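Below: the structure, in structure tokens.
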There are 2 protein chains.
Amino acid sequence: MANHVDRILEQWHSEKPDLDVSPMAVIGRLTRAAVAVESRLAKTFARHALDSASFDVLATLLRSGAPYRIAPVELARDAMISTSAVAQRLNKLETRGLVSREANPNDGRGTLVALTESGRELIEAALPDHVETEHAIIATLSVEEQANLAVLLQRIHEAACS
Amino acid sequence: MANHVDRILEQWHSEKPDLDVSPMAVIGRLTRAAVAVESRLAKTFARHALDSASFDVLATLLRSGAPYRIAPVELARDAMISTSAVAQRLNKLETRGLVSREANPNDGRGTLVALTESGRELIEAALPDHVETEHAIIATLSVEEQANLAVLLQRIHEAACS
DNA sequence: TATTGTTATACTCTATAACTATA
DNA sequence: TATAGTTATAGAGTATAACAATA
């Protein structure tokens, strides 16, 4: 089965033979692979009544270690979104009792987002399931191929940001 | 400069030493690379008063070749979105005079989306600029590395869909 | 009956602006 | 003055459902 990206390249070759569209072979596959992976991961999140954004907040709190408390501004930097977007994500999680907000003892302006017992249980249950899904996706690659892919993606990332 | 993904892996290692989080090294970088690339491409699209979705529709029409006419249902399959989402994208493009809708002579139920003169000019101008941006991003990789990366991404894509 | 296409509607996610409070 | 955080608001994008028309 010829894949989608190949068909697109063939179309460009007949329509614009002088245009070097070879970058699309990589970037087209990068985009599609990322979409497919996100979609697959979303299914695992949904099994735990989570979406990608909520999982991200809870996982960030969990991996920060005890006492599982982070300032919203940290979460915003981490996820590269506005502090307003963070506040709205937190509202949803707080309504569900998965996180709570406390005053920051070191900064009167600040807040600390805390993982509740219920939030802790949920993310502890979802995490191994998530890792297993990721494992299933990359298991088709050997360890060397995985390392190679990570390096190439890192370089693409840096090139895109420069 | 240690990168973000490495920091996340280190945190997991201290917090959950028994969990094999090695898949995150690949999938984390895949997601972040895709986001960075999309963001970079968006800047080029914006210079031509386009967004990714609009560019996609116009480019699909252009590479289909003369007479530059496609049924909406084809566009939906291509972009993997609902026909309703296509209709709404087309409304925007039609308002701007970049595409027009005609009756499909072969199917009374159907419509053909046609690239207008104005739409043709716009996409012909944006395309080389877009390809140049993609070229700038992947130029850090040798031809062999590009081919290798494409193969690895293809396999990740297939694994994620299975 | 199934397919094509559109609109109305609602939902989600986000950023901007305005505001409060503290550093 | 700058920073932290929240809410109100508006905008973009999407899918679902309802509908009309043709196969």
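Just so you know, these numbers come straight off a predicted model, no measurement behind them. Naming: A, B, ... by sequence-line order, numbering from 1 per chain.
For Leu90(A), the listed nucleotide lying nearest its side chain is dT6(D); candidates were dT6(D), dG5(C), dG13(D). When each of dA4(D), dT7(C), dT6(D) is scored by its nearest atom to the side-chain atoms of Ala87(A), the top-ranked nucleotide is dT6(D). Considering only side-chain atoms of Thr111(B), the nucleotide from dG5(C), dT7(D), dG5(D) that sits closest is dG5(C).
Identified under the ring-ring contact (aromatic ring centres under 6.0 Å, His included) test for residues 12-33 of chain B, with sequence neighbours left out: none.
With Leu93(B) as the fixed residue, the side chain to side chain contact (heavy atoms under 4.5 Å, CB included) test singles out one of Leu115(B), Val113(B), Leu98(B): Leu98(B).
Contacts of Thr83(B) with the nucleic acid, taken as non-hydrogen atoms under 4.0 Å apart, include base atoms. Nucleic acid contact class of Ala53(A) (heavy atoms, under 4.0 Å, all strands): none.
One can find a donor-acceptor pair under 3.5 Å joining the base of dT16(C) and the side-chain atoms of Ser84(A).
If you measure from atom NZ of Lys92(A) to atom P of dT6(D), you get 16 Å, rounded to the nearest angstrom. As a whole-Å value, the separation of Gln88(A) CD from dC11(C) P is 17 Å. Atom pair Glu102(A):CD and dG5(D):C1' shows a separation of 15 Å (rounding to whole Å applied). At whole-Å resolution of the value, CZ in Arg77(B) and P in dT3(C) are 11 Å apart. Distance, Met80(A) CE to dA15(C) P: 11 Å, rounded to whole Å. In this structure, Ile81(A) atom CD1 and dT16(C) atom C1' are separated by 15 Å, rounded to whole Å.
Residues Asn91(B) and Arg101(B) bring a donor and an acceptor atom of their side chains to less than 3.5 Å of each other. Counted by atom type alone, Gln146(A) and Ser142(A) present zero donor-acceptor pairs between their side chains at under 3.5 Å.
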Nucleic acid footprint by protein, nucleotides 18-23 of chain C - heavy-atom cut-off 4.0 Å, B for base, S for sugar-phosphate alone: ----BS

Steps toward salt bridge (charged side-chain N to carboxylate O under 4.0 Å, His left out) verdict (Glu74(B), Arg77(B)): CA-CA 5 Å; Glu74(B) 282 291 319; Arg77(B) 270 195 281 267; 3.2 Å; yes

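Taking 4.0 angstrom as the limit, Asn104(B) places none of its side-chain polar atoms (N or O) nearer than this to OP1 or OP2 of dT4(C). A close approach under 4.0 Å does occur between a side-chain nitrogen or oxygen of Arg89(A) and OP1 or OP2 of dT14(C).
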